[in-house]
Structure formats: C-alpha cells, structure tokens
Amino acid sequence: MCGIAAIVANQSVNQDLYDALTVLQHRGQDAAGIATCDGSRLYLRKDNGLARDVFSSDQMMLLKGHMGIGHVRYPTAGCTNSAEAQPFYVNSPFGLTLAHNGNLTNTEELKVRLFEDDLRHINTDSDSEVLLNVFAHELQQMRKMTLTAEDVFAAVSRVHQRCRGAYAVTVMIAGYGILGFRDPHGIRPIVFGKRANDAGGLDYMIASESVALDVLDFQLIRDLAPGEAVFIESNGTLHVRQCAEQTDHCPCIFEYVYFARPDSIIDNISVYKARMRMGKKLARKILREWPNHDIDVVIPIPDTSRTAALQMAHDLGVKFREGFMKNRYIGRTFIMPGQKMRQKSVKQKLNAISLEFSGKNVLLVDDSIVRGTTSEQIIQMARSAGARKVYFASAAPPVRYPNVYGIDMPAVKELIAHDRSEEEVCAAIGADRMIYQDFEDLIDAVGRGNQHIKHFDTSCFTRDYITGDIDDAYLARVEALRNDNAKEARHLNRQHELQNAK
C-alpha cells in the first residue's frame with residue numbers, strides 16, 4: 001500500500017505536497033519522495049524513511065515549481081532500498097515522473113516485452129518502474145514534438161490494454177501538466193479536487209484519499225471512475241476522459257477495514273461510517289449467538305479498530321475503555337521483515353493500562369487478524385495486566401489468502417486463518433472466545449454507503465481474484481517473495497550492502 005499526491009497551482013507546491021504526504025503517511029512509512037517541475041526543469045528528492053526525515057528545509061527549497069507529485073511507500077514488491085523509492089523518472093519522452101499505488105499482476109511479462117520489443121531497460125524490481133516505462137513507450141509512439149490532452153489519454157488507453165492488476169497513478173509530464181488515472185477495476189483509491197487561488201483561477205489536486213484534500217483546503221470533486229483519467233495542464237486547464245473499453249467497479253474492501261483514515265471518503269463511502277456499521281454488525285452477532293455474554297468492558301486495539309469498538313460497546317450496553325497506550329513512532333507490524341522484528345515491535349508499540357484489565361472479562365477488538373502474532377501478544381499483555389478472561393473480536397472475516405493487488409499480506413502459510421477453523425484460530429492466539437465478522441455483514445456494512453457498487457475486491461477472504469489472471473503458479477511466486485525467510489534474507493543482504501558501502 002502506498003500514498004500518492006499531485007498538485008498544479010499558481011504558486012510553489014513543495015510545501016503543499018509535503019503536507020499531503022504527512023497526512024497520507026499511514027499508507028507507507030518505508031520511503032517518501034517529491035518531484036516538482038519549474039518550466040521544463042524537473043527537481044526530485046526521495047529516500048527511505050518518513051516524510052519528516054526525508055525532506056530537510058534546504059532540500060525543500062530546491063523543489064521548485066508550480067506543479068509536482070509526491071509518494072509515500074511501503075514495499076509490496078521488490079526490496080526496501082532507496083533505489084525503489086518513488087517517484088520514478090525517465091527522460092524520454094519529454095521527461096516523466098510517476099508515483100504509483102497498487103500492484104501489477106503481469107509484471108514479468110511486461111518486463112520481457114519492454115526489453116525485447118520496446119528496447120527499454122528496467123533498473124529495479126519495482127512494478128512501478130515497469131508501469132512508467134509502459135506509459136513512456138506508448139506516449140513516445142505518438143512521435144510528436146508537442147502533446148495534447150488527446151495524446152495523453154490515448155497513451156493511458158494503451159496502458160490499460162497492456163497492464164493488469166491494481167494501479168492508481170499520478171504522472172508529471174515536464175512542461176505540460178499532471179496526469180492521474182485508475183485501473184479498469186478501480187481497486188485502489190484516487191480522488192481529485194479544486195481550490196480557488198489568489199489569481200482568480202483554480203488549483204487542482206489528485207490524491208489517494210480525500211483527507212489529503214481536506215487538510216489543504218481543496219474541495220473534493222469526486223473519485224476517478226475505474227479506467228478514467230484526469231489531465232491538468234500546467235496552466236490549470238482540466239481534462240477528464242474514460243480511457244478503458246471495459247470497466248468493473250470493484251474497490252478493495254480492506255481500505256475500509258484497515259488502511260484508509262476514518263476521516264476519508266472513498267468511492268462516496270465514509271470510512272468512519274463503514275467502520276461504525278462493522279461494529280454494529282459484530283454487536284448483533286454477539287447478541288444473537290451469545291446472548292448471555294459476560295463481557296465487562298470493550299477495549300480497542302489502537303487505532304483503526306476504535307470506531308468499530310466504540311459502536312460495539314454502545315450496542316452491547318457495556319463500558320468502552322482505552323486499555324492500551326500506543327507508541328506512534330513504531331511502524332505497522334504485519335508488513336515488517338521477519339517474525340522476531342514483529343514481536344519486538346509489538347512490545348515497543350503498545351503498553352497496557354492495568355486498572356482497565358484487572359479482574360475483568362475483556363473483549364478486545366481489532367480491525368482484522370493477519371498473522372496472529374500481534375493478537376497473541378496483545379492477549380498475553382491483557383492477561384498479564386490482570387484480565388480474568390480475554391475475548392477477541394475481528395471487524396473483518398478470517399484472512400485466509402494473500403492479497404496481490406497492493407497489500408503486502410504474507411505468504412499463505414503464514415496467515416493464521418489459512419486452513420484453520422475459527423475455533424483453531426482462537427486456540428492459536430490464546431483467547432477464551434473468538435468472534436469474527438461474517439463475510440455478508442462486512443459487505444453490507446461497507447456497501448450500504450454506496451449501493452451503486454455491486455461488489456468489492458475481497459480476495460483475501462474468498463480467493464476470488466477479480467482480474468482473472470491469478471493461478472496457483474502466480475501465488476507460488478508471490479509466496480516465494482513474501483515469506484519470512486525471503487524477507488529476512490533481503491533485509492540481511494541490504495544490511496551487508498550498507499556495511500560494504502561504508
């Protein structure tokens with residue numbers, strides 16, 4: 001999962017882009033980058049780390065220009081080195097920089113075609129660099145000295161024909177403008193908005209989530225539709241075009257469960273309201289299946305489960321309490337390389353408030369359970385803090401399969417719910433009782449916000465991969481890249497490279 005932002009304005013955009021990236025930081029803490037354009041000159045700064053660590057005041061001053069794009073990253077493919085930080089750049093044609101959220105599912109095939117047919121060199125393992133070169137090649141095929149919006153949209157149409165998978169993309173074309181486009185399934189989110197400027201015109205912004213627009217006083221226009229593209233010329237002229245022949249709106253449901261900020265609106269669905277409905281559904285399930293429950297207190301596992309937990313406590317008629325204090329300077333644990341690092345991180349991230357647990361039957365609420373490592377440790381924390389019984393509720397159904405569309409969920413054998421019943425998961429994490437959200441209830445909780453969306457990407461629950469190109473061989477390749485041993489090996493290799501460079 002990554003966060004993208006792009007702005008065309010009548011003043012310098014460096015500070016606005018930086019502010020947007022800090023708002024989108026929850027979407028990736030591995031690397032950050034900004035590219036700007038002043039006339040026909042491009043400026044780029046990117047590196048590993050949080051946005052606040054990547055950009056110094058001096059570096060910000062060098063990011064000149066009235067248009068630019070930004071990116072925050074965590075790795076869904078490739079390695080965690082700075083060479084794969086975004087935006088990516090190619091000089092031909094015109095000078096292009098690209099920022100991408102998602103994951104291409106036909107990357108290997110595209111690499112071969114780019115090398116053998118298009119004579120383009122790929123320098124990293126990132127599918128985002130592949131996507132940039134596909135777009136660059138299609139734009140170059142226009143063989144024009146100057147570009148029009150029609151040329152740009154024609155190139156996007158060819159990208160849709162060649163690329164499969166999930167992609168929400170911003171591209172800056174030096175001297176021309178900013179482009180944003182979304183894959184024909186609309187899996188990953190992307191919105192655009194406008195803001196009145198001092199010259200009496202309009203500034204425009206593209207971003208992964210509406211909250212980035214809110215913070216910078218942009219008015220949300222709408223989400224890009226699946227297959228749609230928006231091109232904003234450097235003078236502020238806006239063009240919008242549908243560029244895919246066939247579309248099927250199928251947004252990722254995990255955005256609402258976990259990744260997106262609660263104050264965002266994605267595809268006209270309030271993330272906050274969706275999570276409230278998840279909590280209501282869970283409470284109804286408990287009252288239906290366990291009417292004589294002995295829950296004394298509902299405690300969320302910070303932060304994304306708080307909205308659902310609060311609604312659960314209200315509907316169950318029991319107390320809601322904050323039982324864990326969070327260290328906000330520790331990254332998300334299920335995407336960290338290696339089991340030992342994840343276990344250490346959980347202990348550093350959360351600390352229990354003993355008086356909220358002592359002698360009580362506690363219902364812990366989390367947004368989902370992926371590996372189960374965090375859940376098991378948190379349950380142990382609750383018991384050590386004096387809880388008499390510890391029950392565990394998940395706002396999502398069992399995660400049994402990998403996500404291949406831009407969420408770095410682990411190899412299938414590392415998913416705690418894979419090939420386990422709910423009772424076996426309960427025993428594995430050490431809970432006294434386990435309550436999972438029903439699949440149909442999750443669909444209703446999210447879909448009720450926009451009944452025009454007929455289905456969602458729910459592949460991590462159902463193994464139904466909507467792009468239709470995912471088979472056992474592909475999943476085996478994903479597992480080889482994402483299992484703990486592979487991640488630890490890449491981490492050790494990177495450490496070795498850094499030591500040799502000193």
Side-chain angles (χ1 to χ4, degrees), residues 253 256-258 260-263 269-326 350-369 372 374-398 417 422-423 425-427 429-449 461:
I253 205 163
Y256 303 94
V257 170
Y258 177 55
R261 276 182 42 152
D263 44 346
I269 299 172
S270 163
V271 176
Y272 177 76
K273 288 291 187 68
R275 290 178 184 168
M276 284 183 65
R277 290 190 290 267
M278 291 176 207
K280 185 176 285 290
K281 296 282 188 181
L282 271 175
R284 288 179 181 174
K285 181 175 182 178
I286 291 173
L287 293 173
R288 182 175 66 250
E289 298 183 357
W290 190 17
N292 298 318
H293 70 80
D294 58 352
I295 300 167
D296 296 317
V297 60
V298 173
I299 293 178
I301 297 171
D303 284 313
T304 45
S305 64
R306 184 173 288 113
T307 305
L310 186 58
Q311 186 66 48
M312 283 185 72
H314 177 271
D315 287 18
L316 291 172
V318 301
K319 294 177 181 178
F320 172 88
R321 291 290 186 269
E322 295 284 355
F324 296 102
M325 289 296 102
K326 183 177 181 180
L350 294 177
N351 189 48
I353 303 174
S354 296
L355 63 88
E356 295 296 352
F357 293 92
S358 183
K360 298 175 183 177
N361 297 334
V362 178
L363 174 62
L364 301 180
V365 181
D366 207 350
D367 50 75
S368 58
I369 306 174
T374 303
S375 306
E376 181 182 4
Q377 287 190 267
I378 289 173
I379 289 168
Q380 291 173 357
M381 285 183 193
R383 294 196 191 282
S384 297
R388 187 166 59 241
K389 292 182 179 179
V390 182
Y391 309 123
F392 204 96
S394 168
E422 294 184 16
E423 292 75 17
V425 173
C426 181
I429 64 175
D432 293 297
R433 186 162 184 152
M434 178 77 223
I435 305 101
Y436 271 111
Q437 184 83 265
D438 289 338
F439 178 75
E440 294 77 11
D441 283 347
L442 176 64
I443 297 299
D444 185 64
V446 179
R448 188 172 296 187
F461 308 126

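Here, residue 1 is the first one in the sequence, and each next residue gets the next number.
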Set out, in order, the CA-CA distance, both residues' side-chain angles and the distance that settles side chain to side chain contact (heavy atoms under 4.5 Å, CB included) for Leu350 and Ile301, then state yes or no.
CA-CA 9 Å; Leu350 294 177; Ile301 297 171; 4.2 Å; yes

Counting C-beta onward and ignoring hydrogens, is there a side-chain heavy-atom pair between Glu376 and Phe392 closer than 4.5 Å?
no

Do His314 and Leu310 have side chains that get closer than 4.5 Å, going by heavy atoms?
no

Listed by chain and number, what are the salt bridge (charged side-chain N to carboxylate O under 4.0 Å, His left out) partners of Asp441, not counting sequence neighbours?
none

Exam field: side chain Ser305 to backbone Val365, donor-acceptor pair closer than 3.5 Å:
yes

Only one of Ile378, Val362, Ile353 clears side chain to side chain contact (heavy atoms under 4.5 Å, CB included) with Ile299; which?
Val362

So, do Asp432 and Arg383 sit near enough that their side-chain heavy atoms are less than 4.5 Å apart?
yes

Write down the atom of Ala396, the atom of Tyr436, and the distance for their closest heavy-atom approach.
O-CD2, 3.3 Å

Pairing of Arg288 and Asp438 as salt bridge, 4.0 angstrom limit:
yes

Pro300 versus Glu322: any side-chain heavy-atom pair under 4.5 Å?
yes

Can you name the closest pair of heavy atoms from Val271 and Ala260 and give their distance?
CG2-CB, 3.9 Å

So do the side chains of Ser394 and Met434 get within less than 4.5 Å of each other, counting heavy atoms only?
yes

From the list Val390, Leu316, Asp294, side chain to side chain contact (heavy atoms under 4.5 Å, CB included) partner of Leu363 resolves to Leu316

Might you point out which heavy atoms bring Tyr391 and Asn361 nearest each other, and give the distance in Å?
CE1-CB, 4.1 Å

To the nearest 0.5 Å, atom NZ of Lys281 lies from atom CD1 of Ile443 at 11.0 Å

Side chain to side chain, Arg277 and Lys273, heavy atoms closer than 4.5 Å
yes

Mind listing the closest non-hydrogen atom pair of Arg306 and Phe320 along with its distance?
CG-CZ, 4.1 Å

Can any side-chain N or O of Gln437 pair as donor or acceptor with the backbone N or O of Ala395 at less than 3.5 Å?
yes

Does any part of the side chain of Tyr256, heavy atoms only, come nearer than 4.5 Å to the side chain of Leu442, both counted from C-beta?
no

Do Arg433 and Trp290 have side chains that get closer than 4.5 Å, going by heavy atoms?
yes

Please check if the side chain of Arg388 supplies one atom and the backbone of Gly359 the other of a donor-acceptor pair under 3.5 Å.
yes

Looking at every non-hydrogen atom in both residues, tell me the closest pair between Phe461 and Pro397 and how far apart they are.
CE2-O, 3.5 Å

Grab the two heavy atoms, one from Val318 and one from Ile295, that are nearest each other, plus how far apart they are.
CG1-O, 3.5 Å

When you look at Asp367 and Met278, which way does the side chain to side chain contact (heavy atoms under 4.5 Å, CB included) test go after all the steps?
CA-CA 9 Å; Asp367 50 75; Met278 291 176 207; over 6 Å; no

Salt bridge or not between Asp296 and Arg321? Use side-chain N to carboxylate O under 4.0 Å.
no

